[in-house]
Amino acid sequence: MIAFILRRLAAGVVLVLVVTALTFFLVYAGGNDIAFRILGDGATPEAAAELAQRLGLDRPVPVQYWDWLTGAVSGDFGQSFFGPEQVGATLAIRIPVTLSLVAVSIVLTAVLGIVLGVSSARRGGTLDRATQVVSVVGFALPSYWIALVLVLTVALPFPRLFPATGYVAPDVSTTGWVLSIALPSIALTIGGVATIAQQVRGSMVDTLRLDYIRTLRSRGIPERAIVYRHALRNSAGPALTVLSLQFIGMLGGAIIIERVFALPGIGTLAATASLRGDIPVVMGVVAFAVFVVVVVNLLADITQGLLNPKVRVGS
Amino acid sequence: MTEPMVPISTVPTVERAGLWRRLIGRPVASISLAVLAIWVLLAVLSPWITPYSPDATSLDATNAAPNAVNWLGGDRSGRDILSRLIAGAGDALESTLIATAVAIAIGVTAGLVAGYYGRAIDSIASWVANILIALPGVIILIALYAAVGSSTRIAMVALGVLLAPNFFRLTRGLVIGVRNELYVDAARVSGLGDARIIGRHVLSAVRAPVIVQAAFAAGVAISLQAGLAFLGLSENNKASWGAMLQEGFANLYIAPLQIVWPGLALGIVVSALVLLGNALRDTLEGARPRPRRRGESGRLRRVIDPAEEGDDALLTLSGLSVAYPTRKGTTTVVDDVSLEVRRGEIVGLVGESGSGKTQTAFSVLGLLPEEAIVTSGVLTFRTRRPRSGTVRLLGRSVAYIPQEPMSNLDPTFTIGAQLMYGIRAATGRSRAQARREALALLERVGIPDPARTFASYPHQISGGMAQRVLIAGAVASDPELLIADEPTTALDVTVQAEILALLHGLQKERDMGVLLVTHNFGVVADLCDRVVVMRQGRVVETGTTIDVFQRPRAEYTKELLGAILDVDVVRERVDSEEGRVAAAESSAAGTKGAGSR
């Protein structure tokens, strides 16, 4: 198991390096053009060259990347082009907003998706068909679209209950926090629940037909234990893979949804920074996103190993 | 957003003829196609059919409600919303086409090459695909905007690259499947070049699933492009649905309708694409497995009575009929079967596969598949157990030994855990007691190192060991009746005799009744006191083993016996009751040493 985790960890480090390097080369390839964009179109070439030199943009990109990387390892992501703020400090304020939104959504998605999937696998009928229809719609419609619908149908008519905008930190007011992220997480969850439910339903239908389920039944083991302890555990693998992909998808969805609900998270930061060409901030957001991807995949792999003894102990 | 997470469709065989007609026959598909056709038409004609120029402003139209001049009203700059909506259709189509075309071009090509040639190319391509698929697309596109500025086309090319892994994985999987099929080998032998083989055989297999995937990818592309425009990351002032969403959103409190129009357009087109993809996939794959539904008529009537003094009747099954629903009504697989198992007796239930013997056994157990319908029959069970509370047969007085040992153990739990669950469900013992009992049972069934097997997972033990474990699990509840479904068929010949001897020993020791389902007359001769012969769902002959072997009455039984090569040897064994016990004991003696494979 430890060797398995170490292998996955190494793959994760490679992923972080490759993606940050590619992004870095992409966004910093501009050289002096970056300085022009900061200064605006009216800038003289001399001013641009001077700024480029001050920001270190005149050095070879690999050198800049190495500097960035060594800084990033110790938590220093550089300074914004447009102010005195350290990117690391800005990220530290913004990340909890985005992560709390995505974390709440993924937990909701997992729990609701499993319950719905298991029920529709066992009962069939109307619930099953409803899940299938909802999952197609949920898959089709982007989460920000659902968020806009929620704003129009819930937040606008009931402004006192659900704030259409703003974020309240959980340590300030728990109720306020719940209400401020309720609509955004519902928007993120709707599409995800249906996908997970479909996945769980499919695997459960297959697993419940397997021989060992019949044998377990023959031992008089209660149906609830058969479904949740045995069948669900054996069906969980594929659902877990989908769930980890979903987490990444939700991260992307959250970026846009934050704008809908004016949540001060990574998304609004990234959009603003990208619009005005604040490359260090964009780089910081990309690094954060890739890091989250690696951690989520690692957690999924470890859970997979815990569920499946063939991965864990070998033969 | 569920961007590159497009479901991968696997399509084994594609029946091309009539595919189109079947697709159109689905209302969802035809409606989606109609919606998409309207969209494409509007998009293509958009430069000519917009009522006004999408960029023309008019003071009167500023935030105007729908009226006779501006049918859908005007936006905050006084531009006609309908005109911008139609122009946006063109923008959406162009974006989708670019992203999807790039994704298909890269993904399918790489998939064909990687799948066809394998090795290093495959490893590298798969590695790149894994990286791309792990990335949050929105964030990458936001970074790209920072690097190259506002260009919808460049963004869509990049999105195409990010979506390519979906096509890559799909194509690669299909190509590997096709490559291993005979007709490609045949093509290679007949001297066709690689390019022609790929073109002729492989591409045709890949085409339909790629179209399904393309529908999903197009839906993702439109959503994502509009999402980026909604964030403001789009070309200035270009009419697009995303930009309209953004402008409408800014005006939410003044004119909430403004956001509804682009929202509707986006929702309808994206839904149509995904629904069409779904319908196409369903058409290609056929019906999905439906969850089974328990029919009211699906249960066998059970009567449980206390055993009478001096009577060794145990199981009496009378008039059992089992049917399965088919397209045209039902098919009967067990037809009016009656049989009896007495205490301490082994009854062989013999027949070819499809004779209904296993269905009969499952009926007794109450473990028929849920779609099965028991149309008639009564089961009477005479128990010696004191009756307390609800009477439960399964897992208490009746136990089951399956045919295929490996597939009958839950791969995710240790042997010990599975045994303990069964013991605790049957007897309500404490964990510690259940553990001691499980270890004792493992020892009893001839497992050389019970503690080690207890802690092992199913994939770590051999088939013979697994069957011993299953026997241990079956006798754990101290059953009065044991139903064994071909308990040795899946095992090595050398192990078969040991398992039969073990069963026989346990049966004697615990005075159980055994219903032994088998197709093997050798096994019957070795173990059984009486035989029930089944064919095509009916009982054709019943009698003591000796009678049936020496004087088979049914023509079918004679045929079956005639099919045994060394029928004389078998008859001899049947004739000599002593020889039978001796054979069992000698193989039981061999059990201990040989069991540790």
Side-chain angles (χ1 to χ4, degrees), chain A residues 15 18-19 23 26-27 30 121-122 124 128 136-137 139-145 148 152 156 191 195 205 210-212 214-222 230 233-234 245-246 248-249 251-253 255-256 259 270-271 273-275 277 279 282 285-286 289 293 297 307-310 313 315, chain B residues 1-3 5 131 134-139 142-147 219 223 227 230-233 245 249 252 256 259-260 263 266-267 270-271 273-275 278 289-293 365 367 392 394-396 399-400 402 404 407-412 421-422 425-426 457 459-460 470 473 477:
Chain A
L15 183 73
V18 168
V19 175
T23 317
L26 186 73
V27 292
R122 297 196 46 224
D128 183 36
V136 172
V137 176
F139 175 79
L141 297 170
S143 51
Y144 68 83
W145 191 92
L148 289 172
L152 277 174
L156 277 186
T195 314
V205 167
L210 292 178
D211 287 350
Y212 61 82
R214 182 173 51 224
T215 300
L216 288 166
R217 287 208 170 106
S218 82
R219 305 271 164 80
I221 289 172
H230 297 278
R233 181 168 177 164
N234 279 283
L245 281 171
Q246 196 119 104
I248 299 159
L251 198 61
I255 302 281
I256 307 179
R259 171 61 66 86
S274 182
L275 268 173
I279 288 172
V282 172
V285 171
V286 170
V293 166
N297 284 340
L307 287 174
N308 182 354
K310 279 184 197 167
V313 290
S315 48
Chain B
M1 181 163 323
T2 32
E3 8 149 338
M5 214 206 65
I131 286 186
L135 294 177
V138 179
I139 293 175
I142 288 176
L144 187 74
Y145 183 92
S223 312
F230 176 73
L231 288 178
L233 305 176
L245 279 177
F249 187 64
L252 193 61
I259 201 171
V260 171
L266 185 70
V270 173
S271 302
L273 280 168
V274 173
L275 287 171
N278 247 33
R290 294 218 157 270
R292 293 174 292 180
R293 306 186 69 175
L365 286 162
L367 291 176
R392 223 179 60 201
L394 203 57
R396 298 295 298 269
Y400 163 63
E404 167 62 57
S407 69
N408 276 287
L409 290 165
D410 183 339
T412 56
Y421 287 142
Y457 285 94
H459 72 276
Q460 295 171 310
L470 284 162
S477 66

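Naming: A, B, ... by sequence-line order, numbering from 1 per chain.
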For L307(A) and T412(B), run side chain to side chain contact (heavy atoms under 4.5 Å, CB included): C-alpha distance rounded to whole Å, both residues' side-chain angles, the deciding distance at 0.1 Å, then the answer. CA-CA 7 Å; L307(A) 287 174; T412(B) 56; 5.8 Å; no
Based on non-hydrogen pairs under 4.5 Å, which of [options] is most in contact with chain B?
{"options": "L216(A), L15(A), N234(A)", "value": "N234(A)"}
{"options": "V293(A), V286(A), L275(A)", "value": "L275(A)"}
{"options": "V18(A), T23(A), L26(A), I279(A)", "value": "L26(A)"}

Against chain B, label I255(A) side chain, backbone, both or neither, depending on which of its atoms sit under 4.5 Å from a heavy atom there.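 Looking at I255(A), backbone and side chain both touch chain B.
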Given a strict heavy-atom distance threshold of 4.5 Å, which part of L148(A) is in contact with chain B: side chain, backbone, both, or neither?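 For L148(A), the contact with chain B is made by the side chain alone.
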Closest heavy-atom contact between [X] and [Y]?
{"X": "W145(A)", "Y": "G263(B)", "result": "NE1-O, 2.6 Å"}
{"X": "F230(B)", "Y": "R259(A)", "result": "CE2-CG, 3.8 Å"}
{"X": "S218(A)", "Y": "L367(B)", "result": "CB-CD1, 3.5 Å"}

Leading residue by heavy atom contact count with chain A [cutoff under 4.5 Å; candidates [options]]:
{"options": "A143(B), A425(B), A146(B)", "value": "A146(B)"}
{"options": "S477(B), P256(B), G473(B)", "value": "G473(B)"}
{"options": "L144(B), L231(B), V270(B), I131(B)", "value": "L231(B)"}
{"options": "L394(B), L266(B), L365(B), V260(B)", "value": "L394(B)"}

For the pair I142(B) and V285(A), evaluate side chain to side chain contact (heavy atoms under 4.5 Å, CB included) and give the outcome as yes or no after the intermediate values. CA-CA 10 Å; I142(B) 288 176; V285(A) 171; over 6 Å; no
Given that the side chain runs from C-beta out, which part of [X] has a heavy atom under 4.5 Å from chain A: side chain, backbone, both or neither?
{"X": "P402(B)", "result": "side chain"}
{"X": "L273(B)", "result": "neither"}
{"X": "S407(B)", "result": "both"}
{"X": "I259(B)", "result": "side chain"}

Specify whether Y421(B) and H230(A) have parallel, tilted or perpendicular ring planes, treating 30° as the upper limit for parallel and 60° as the lower limit for perpendicular.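 Correct class here is perpendicular.
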I'd like to check [X] versus [Y] (side-chain heavy atoms, cut-off strictly below 4.5 Å). Are they in contact?
{"X": "S271(B)", "Y": "L141(A)", "value": "yes"}
{"X": "Y144(A)", "Y": "L245(B)", "value": "yes"}
{"X": "T215(A)", "Y": "L409(B)", "value": "no"}

What's the spacing between D410(B) CG and R233(A) CZ if we round to 0.5 Å?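 Rounded to the nearest 0.5 Å, the CG-CZ separation comes out at 7.5 Å.
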